[in-house]
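Single-structure report; data block below.
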Number of protein chains: 2
Amino acid sequence: MYNDLIPAFQIGGIVAAPKGNMSYRDIKKVVLDRIQNRIWGPDSLLPGEIELAEEFSSTRTTVNRALRELAEEGFLERKRKAGTRVLHSPARKAQFAIPLVRDEITDAGATYRYSLVKREVMPAPSWLTAKLALKPDREVLHLQCMHFADNEPFQLEKRWIIVESVPEVLEADFTASGPNDWLVQKVPFSNLELSFFATKADEDTAGFMDASVGDPIFATQRTTWLRGEPVTHAVLYFTPGYKMTTRL
Amino acid sequence: MYNDLIPAFQIGGIVAAPKGNMSYRDIKKVVLDRIQNRIWGPDSLLPGEIELAEEFSSTRTTVNRALRELAEEGFLERKRKAGTRVLHSPARKAQFAIPLVRDEITDAGATYRYSLVKREVMPAPSWLTAKLALKPDREVLHLQCMHFADNEPFQLEKRWIIVESVPEVLEADFTASGPNDWLVQKVPFSNLELSFFATKADEDTAGFMDASVGDPIFATQRTTWLRGEPVTHAVLYFTPGYKMTTRL
DNA sequence: ATTCTCTTTTTGTGTAGACAAAAAGGGGTC
DNA sequence: GACCCCTTTTTGTCTACACAAAAAGAGAAT
C-alpha cells in the first residue's frame, strides 16, 4: 500500500525521525508525510524552526530550506512571528513545461517536419492593436506555419511579429525553420502571457489539420514583451484530440 | 523604455555591480538582466560561483542561492564540474494556480452558487476501471455538480470516487457543498494527474451550461491518488468562451 | 474601546568554512 | 579508437552563528 512517496524510515504508517543527520530533502519528506497523514492537519501551526531542528537533530538553516521549499510548492504558509501553517488546499500550483513544438514532437519519438504556409507584411489588424496597446498603424509580419509529427498535422501556428520591436525580422528566412526558433535565438524576452482555450475548427484551420469544420480544437495563445514593448503574439492550434498533461 | 525588471543600479543599459553587499535577490536581477541582454548569451557558460561571489563582493553561499533559483525557474542549467550554462529557451516552465472553483469565482468578484445534479452509487464503468487500473467490479460514487458564477453556469463537474479508497464518502452530504471541498478536508492527497483538452458540448452538457450542442468546451481532467491507490477522477467542463490564463 | 508604541517572537537572509558528490578530462592500457 | 581508472574542478549541501525585518501581542495613553 505504501509507495515511494513515503520515506524509507517510515514503519507501519508512523513517521519516525531517524537518529542520524537528515538532509533538507529528508526533512521535506517527513514534513510532507505528516501533512498528508493529518498529523499536522489543515490550518494547524507547525513547531518553530529551532524546535524542528532539534527533533531532526539538524540545524535551523537546513530546516529553513525544507520549509521554505514546501511553502514555495504550495503546502505551507509562512509568516514572520506568526509561524508556519498548513494550507488547507494543498498544491495550488501546477508546473508546466512549455517545450518548443519540435522538442515536444521529437521527445515523443516522432519525426518533426516544419512548413511555412504564409508570410505577409501588413498593418497590424485592429484586434491586435487593441490587445497589445500598439500605437496606430504599426507594421507587423504575419506568419502561418504548420508543424508535423510523423507527417501528420500536429500544430498550426499563426503568429504576428511587431516589426518596430524587431526590425531584423524582415530579413529572416522562415522557410526552413520556424519563427519560434528564430525569436528564441534573437530576442531576449522578459515577459509572457500564456492562455489556454477551446475553439472550433474553421474551414481554413480544418484544411490544414486533419479535421472537419466544427471539430473542437485545443489552442494556446502566447504574447511576449521585451521590457514593456510587445514583440510577438502567437496562437497555436493543436490537432483534434490533443491533450496537455502534467503530473505532480 | 527600461521598466521595473531592470535593477535600479543599471545606468544607460549597462549592468554594473554596486559596491555594497548584494542580496541574493539583487544577484538574481543582475544575472537575469545579463541573460536577457545577451551579455551571457544562450548556451554560454557563466563564471564559477567563487568568481561571481568576488565580483559581487558576496559569498559563494549567496551566489549559489541566486543561481540555484534561476535554474529552478528555467533560465539556467547547472551541472557539477560542467558549470552553469544559459538555456536557449528560457522559462520552459509555467506555473499555474489551480484554485478551487469557489475561490476562482469569488476572487473574480462574482457570487458563487453550487448545485448537486446527480448522485449515484454504481459499479465502476469499464473506461474508469481501465484508466485507473482498478480491480474488477469496484464500486464508485458518481456525482454531477454545477458551479455557478452570478447565477450563470460556470462549470459542470463530473466526478467518480472510488468507494473502497474512501468508504466514508457514502455518508457525506453533497447537497450543500461540493465533493472537492469534502475531499480536500478529508483525504490527504499524494499524487495528481492533470490534463487540459477541448471537447464538444453534447446534449447533456449543453443543457446544463448556457451552450448549444457542438459548442467547443474547454475541459480539465484530474485524477488523484493516495499512496498509489486511486481515489477520485473528475472532469470539469467550463462554460463556452472560458480562457485559462497565466503570466510569467 | 480605540489607537499608539514598544517588546518579543519567528522567519528571512548573509557569512565563513567544510566536506560530499557528480562528472568532465587526462593518461594509460589494450 | 575504446575502455578503464584517477585526478580535479565545480556545484550541492550542512553547520554554526549573526543580524535584519515582519508582525503579533502586550501595555499605555487617549
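Here is the naming used below: chain letters follow the sequence lines, and residue numbers restart at 1 for every chain.
A donor-acceptor contact under 3.5 Å links the side chain of A:R80 to the base of C:dT11. A donor-acceptor contact under 3.5 Å is not formed by the side chain of A:R65 with the base of D:dG12.
The separation between B:E51 atom CD and D:dT9 atom P is 14 Å, rounded to whole Å. Rounded to a whole Å, the NZ atom of B:K79 is 10 Å from the P atom of C:dG25. When rounded to the nearest whole Å, the span between CZ of B:R78 and C1' of C:dA23 equals 15 Å. One atom, CD of A:E49, and another, C1' of C:dT13, lie 11 Å apart when rounded to the nearest Å. The distance between atom CG of A:N64 and atom C1' of D:dC14, rounded to the nearest whole Å, is 13 Å. Spacing between atom OH of A:Y24 and atom C1' of D:dT15 amounts to 16 Å, rounded to whole angstrom units. Computed from coordinates, the B:R25 CZ to C:dG14 P distance equals 8 Å when rounded to whole Å. Put simply, CG on B:L45 is 10 Å from C1' on D:dT10, counting in whole angstrom units.
Residues B:E77 and B:R85 are not paired through a salt bridge, judged by the lack of any N-O separation under 4.0 Å between the basic side chain and the carboxylate. In summary, B:E69 and B:R65 engage in a salt bridge, as defined by a charged side-chain N under 4.0 Å from a carboxylate O.
B:K81 has no side-chain polar atom (N or O) that falls below the 4.0 Å cut-off from OP1 or OP2 of C:dA21. An OP1 or OP2 oxygen of C:dT13 is reached within less than 4.0 angstrom by no side-chain nitrogen or oxygen of B:T62. Contact annotation: A:S58 reaches the phosphate of D:dT15 (side-chain N/O to OP1 or OP2, under 4.0 Å). Contact check, B:T84 against D:dT10: no side-chain N or O comes under 4.0 Å of OP1 or OP2.
Where A:G83 and A:R68 each meet DNA chain C at their nearest nucleotide, the meeting point lying more 5' is that of A:G83.
Every residue was checked against the side-chain hydrogen bond (donor to acceptor under 3.5 Å, both in side chains) condition with B:T239, not counting sequence neighbours, and none meets it.
The side-chain heavy atoms of B:K243 and B:F218, taken from C-beta on, include no pair separated by under 4.5 Å.
A:T61 comes within contact range of at least one nucleobase, with a heavy-atom separation under 4.0 Å. Contacts of A:R60 with the nucleic acid, taken as non-hydrogen atoms under 4.0 Å apart, include base atoms.
Heavy-atom neighbours of B:R247 CZ from other residues, nucleotides or ligands within 6.0 Å: at or below the threshold of 12.
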